[in-house]
Every structure is written in C-alpha cells, then in structure tokens.
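Just below is one structure, and these are the notes that go with it.
Note that this is a predicted model, so its numbers are computed, not measured. Residue numbering restarts at 1 for every chain, and letters A, B, ... go by the order of the sequence lines.
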Amino acid sequence: MIKTVKGRAFVFGHNLDTDQIYPGRYLELTDAEDVGKHAMEGADPDFTRKFKAGDIIAAGSNFGCGSSREQAVLTLKTNQVGSILAESFARIFYRNAINLGLPVLICPGVSQKVTNGDTVTIDLAAGLVVNERTGQALQAEPLSAYVIKIIESGGIAPLIKKEYADK
Amino acid sequence: MHAIEKILARAAGRASVSAGEIVQCRVDLAEVNDLYLQTIRSFYDMGGKRVCHPDRITFILDHYAPAATIQQAENQKQMRQFCCEQGIELLFDIGSGVCHQVMVDEGLVYPGMVLVATDSHTTTHGAFGAFGTGVGATDLAVIMRTGQLWFRVPEVIRIELNGTIPGGVYAKDIILFIIGALGADYAIYKVVEFCGPVLKSLSVSERMALCNMTTEMGAKASYIQPDEITFDFLQQKVKRSYQMFESDPDYHCVANLSYDVSGILPQLSAPHSVDNVAPISRFEGIALDQAYLGSCTGGRTEDIGIAAHILKGKKVHARTRFVVVPASKNVYLESLERGYIDTLVRAGATIVTPGYAACLGTHAGILAAGEVCISSTNRNFPGRMGHAGAKIYLGSPAAVAASALAGKIVNPAPYFDIN
C-alpha cells in the first residue's frame, strides 16, 4: 500500500516552471545524482542545502509548466521529495511524476493554507492533507486506481517490465 | 464525438471514446530528441530488447546541434548507436533542424494520426488535424517497448477567430493576445481547437505558430480541421494514405470562445511569464542587447522572409546582436534560394545551425546577467535563454526584426501596409 508522508513544507507560488525547477543548461547531465544537485536552482539556489529527505513541496496553480523534461521530476525525486501538493499541475509534469513514482496531489486551497516550514501529514491513498501547525485538514483529489497502481509499483518502468516480461 | 476523440478511438481500436476516459492508444509516430538519453535507459529498465515498430520511431538531434560539450557529444553518440542497433532509420542528425519542423518537412505528419514526442510543443501538429502531444522520457520509452501509450481523453475548448488581421499583425500576436486574456493554466489537460473565417487567411506556417503556443496555455493538444490550405501543403510531402476525421455537429465543447482579430495590435509577452501580455506600444523604447529569430514557433521561411523585408539594405543597430536560427535545413535552403539569408547576413545578422540553439538556454546565443532580448520563441521564463537575471520579451518575427534594426523595442506595423 502507498504510505503516509510527513514532512516540512517548502512553499512556491503559481506557474513554477520547469526551467526554474531544473535549468536547461544542465539537461546534458544523465546521472540521477548529478541531476539532483540542481533541484529548484532557478527558484531558490539554496534549496538542496535546506531540503531534507521526506520534506514536501506545496505550490499554487500550474506547477511544472513548460518543458517536457523529465529531469524536472528526477531532480526532485533524487532529493527524496515526499510529495508535491499544488492547486493544479501542468500536464506533462504530472505524468512524469507519476511515471517515476513521485506522488503528486491536486490539492485545492493548499497555497493559502500551508506556509513555509509548516509540518504537513498526507494520507496518499485517501488524499487527506493535514497541516499539523494549524490542525486544518484539506481534501486533495484522490488518485485514480491506475495511478495508485503505478506509484505502488515504484513507477511505470517496473510495472511495464513485469507486464511485458514475456513479450 | 469530436474529431480528436475519433482519432483516439481509431488508435485505441474502439468504436467510440468520450472525455475523461483512460484509453490505450497505438502511437503512429514517436519522436525522441537529444535531451532525452533517459528514453533509451528507461527502455532497457523496462526489460526492452528490440524496439516495437522501429519504423514508427524517429530520433532528431536538434537541441545540441552541433554538440558544444563532451557530455552532449557522448549523449548524441549513444543515440546514434541505439538507432543503428535497433534498425531505426528515421534518424535526423545535427543540421536537420527543430523536430517539429523536420517531421513536417519530411512528410511524417498527416491528419488523423497520433504523434507523441519528448517535446512539450508537439501541440504544433494540431495545425494538420493530427493529435500531437508532448511527454517525458519514460512515457516515450513505454511506446518504444509496447507500441502504445495511455491517454485520458481530453475535453475541447473551441476558439473562433473572426474579422480581418491588420497589417503587421501575425498569428503570434493573436495567440499571445489570447494567452494574455486567458492565462497560462486555462487549458490544462484540454485540447484547444481553432476555427472561424480567419483561418482561411492563415498559411500553414502561421497555423503552426498558433497551435504551437497552445502549450503555453497548458493544452494537451490543439486542433484545426484540415482544409484546402492543409491539403495543398501536404500534397507534395506526405506519401502515404491517411484517414481524416470531422467532429459531429452535436459535439459539446467545454468552452466556446470567439475573438475579433481586427482590433488586435502587435503584442509582446513581457518577462517572466508567457501570459504577461500587453500591446507592444507599452514597451517601446526599451533598449535591446539581442534580438532572436528562430524556434518551432517563429523560425520558418515566412518568418525569415519578414525579417529580410524589414532589414533589406539596412544595418542591425550597433548595440544589438541579431541571431537568426532557421527552424530546419529545408527552411535554411528556401531562405537561401529566396535571398533572405544574403540580406540578413549583409544587415549584420548571425546565422546559427538549424536547431534549438539558445531557445532553451543550451548554446549559441545565450544571455548574460541583466541583458534584454526580444525573441520570436515561445517562452520567457527566468533563466530560459541563459542567466536568470536576463529579460526576454516574446513577439512576432516582425517585432523582432524591426526591433533589431532600431536597437530597442519598436512597433513593426510601419513596415507593412496598414488597412
């Protein structure tokens, strides 16, 4: 079963684009560890220094807009982002996150109800988000059965490997 | 059903589909560019040995063309090797151009197809009545492994364009105006369809610019119903037969919008968000370090022709660099034959190998801290073309060329007949 995530929130605004999440000049890097060094560099150059494994990102609408670059998800996954909560996600970023097994939840109101440094607990299966500081609960859009299946498999690659093992 | 739904239904082997459903579709063409070595790694991670349908996969080396670092060269080398080993014949190496233009030039794009590429601006191909959408490396690897991909059937927003386009105004101005009015997240997960009498006065190049930029509204795909202009264009290029679809008259869009283009002035998108749009007059006089003409939005032969028209016999302003990147080899050759390149080089332009160049900040025309650039490309995010402290204004090719000449942002309308 997919788990509960608990971590400190790093809060960003609306339309946080992939060039800020992972600047284009690093696209030639191919190893996950190298890619991970530049997470959020365009939005907050100190992000990787402050961020701890399991912390979460909370943001406004259209998170991950821009490029199809999967490195924008990989750089966050390498830093072990627990989950991303946003008012809405750009379509390709959303797919990329699910494909790499990084849980992302569409959570109306999150950008107003969570501030930097708040501790947030997320029940991924139920889509329930609780701000531990305020005690306030938010209901995110539950993930579809297919998406949960991909995340439980650790991403779509292991799932496809299993389903197509004899093809 | 909408034509897009009919395309997805055909690809899914079903009689009908409807918005919101998840469907598994056969992909007619999948394109990988040289940013995505991960595609190959993910293919092997999925237990892949032989690519499913190598004739439906194309690799286009366009972002690092030619390679500027050892790592870029290494990534491209591995892609060439992969194509060779897997029998992928549709490898377009450096110098071919930007993937979206190359696929069209090579006759690989046709109405009714499902086209998936590792590039967000794959919405471009809605200009031909295709379902084109961008994905990341792992999704593309799924296609190489299985031949298909899952899609959520999208809702459709229909935008009707009425009126007459004023002189000096282009498709880029129209779509910037619309994005400015609706916002960068208006069309997330949806298809944007363009219709209305204005389409009859838009060339294929202009239609591609219109559809390309719907990505900046969040669109999953775009759509223009193929017509005489489409078929005339495709006649010489597409050698295969294809099926064309039309929407049923009773199809209900989630939104029906209409714009009268007669009143639209040349527009600019100001730093640092594509939906930060205003008439160019608001920015007139801002000094420019660079003017950039190129990309899958604004680097076609017609765009270079507009620049040549403005710059013929004149000189680019001394304080401004004018960087011109033809979108493809075909565009480059056409522009040479028509004398545009000669005109632009004599005017002081720098011509770069067809490809992405500085459009996404990788090479050939990168901006320094504090520099200001006007660009015919499609994004002005912080750091997009180099330093995060640079400022990018997005405009039409005419706005870029006129501003290169003036060394500052100016309205291009005086260079064209105003009705």
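Taking chain B as the reference chain and counting heavy-atom pairs below 4.5 Å, the highest number among A:Asp17, A:Asn99, A:Asn15, A:Leu27 is found for A:Asp17. Per-residue heavy-atom pair counts under 4.5 Å with chain A were compared for B:Ile22, B:Thr69, B:Thr215, B:Thr362, and the maximum is reached by B:Thr69. Interface summary for chain B: among A:His14, A:Glu28, A:Glu41, A:Lys161, the most heavy-atom pairs under 4.5 angstrom belong to A:Glu28. Contact count versus chain A (heavy atoms, under 4.5 Å) is highest, among B:Ala184, B:Gly218, B:Gly383, B:Ala388, for B:Ala184. Interface summary for chain A: among B:Gly386, B:Ser273, B:Pro382, the most heavy-atom pairs under 4.5 angstrom belong to B:Pro382. With chain A as partner, the option from B:Tyr64, B:Phe43, B:Trp150 having the largest number of non-hydrogen pairs under 4.5 angstrom is B:Trp150. No other option in A:Gly24, A:Gly66, A:Ala90 has as many heavy-atom pairs under 4.5 Å with chain B as A:Gly66.
Interface residue B:Arg384: backbone and side-chain heavy atoms are both found under 4.5 Å from chain A. Only the side chain of B:Arg41 comes within contact range of chain A, with heavy atoms under 4.5 Å apart. Interface residue B:Leu360: backbone and side-chain heavy atoms are both found under 4.5 Å from chain A. If you measure heavy-atom distances from B:Leu37 to chain A, the contacts under 4.5 Å come from the side chain alone. Proximity to chain B is limited to the side chain of A:Ser88, based on heavy atoms less than 4.5 angstrom apart. Looking at A:Leu100, only its side chain comes within 4.5 Å of chain B, counting heavy atoms on both sides. When heavy atoms are compared at a cutoff of 4.5 Å, A:Tyr94 approaches chain B solely by way of its side chain, counted from C-beta outward. With a threshold of 4.5 angstrom between heavy atoms, B:Asp275 approaches chain A through side-chain atoms but not through N, CA, C or O.
Under the 30°/60° scheme for interplanar angles, the aromatic rings of A:Phe93 and A:Phe89 are found to lie parallel. Using bins of under 30°, 30° to 60° and over 60° for the plane-to-plane angle, the ring pair B:Tyr356/B:His63 lands in the parallel bin.
To the nearest 0.5 Å, the span separating CZ on A:Phe47 from CD1 on A:Ile21 amounts to 9.5 Å. Within the model, atoms OG1 of A:Thr30 and CD of B:Glu74 stand 8.5 Å from one another, a figure rounded to the nearest 0.5 Å. Separation of atoms CG (B:Asn33) and SG (B:Cys99) is listed at 5.5 Å; rounding is to 0.5 Å. One distance of note links OG1 of A:Thr75 with CD of A:Gln71; it measures 9.0 Å at 0.5 Å rounding. In this structure, B:His272 NE2 and A:Gln20 CD are separated by 8.5 Å, a value rounded to the nearest 0.5 Å.
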Trace of the side-chain hydrogen bond (donor to acceptor under 3.5 Å, both in side chains) decision for B:Asp119 with B:Thr122: CA-CA 6 Å; B:Asp119 190 283; B:Thr122 312; 4.9 Å; no
Stepwise side-chain hydrogen bond (donor to acceptor under 3.5 Å, both in side chains) check, B:Ser42 with B:Gln38: CA-CA 6 Å; B:Ser42 296; B:Gln38 183 61 44; 3.1 Å; yes
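Checked against the 6.0 Å centroid criterion, the rings of B:His121 and B:His100 do not qualify as a close aromatic pair.
Of all residues spanning residues 132-144 of chain B, those with a heavy atom less than 4.5 Å away from chain A's heavy atoms are B:Thr133, B:Gly134, B:Val135, B:Gly136, B:Ala137, B:Thr138, B:Asp139, B:Val142, arranged by number.
Considering only residues two or more places apart in sequence or on other chains, A:Lys149 meets the salt bridge (Lys or Arg N to Asp or Glu O under 4.0 Å) condition with A:Glu163.
Relative to the ring axis of A:Tyr146, B:Arg152 does not place its NZ or CZ within 45° and under 6.0 Å from the centre.
With hydrogens and angles left out, the side-chain atoms of B:Asn378 and B:Asn212 include a donor and acceptor closer than 3.5 Å.
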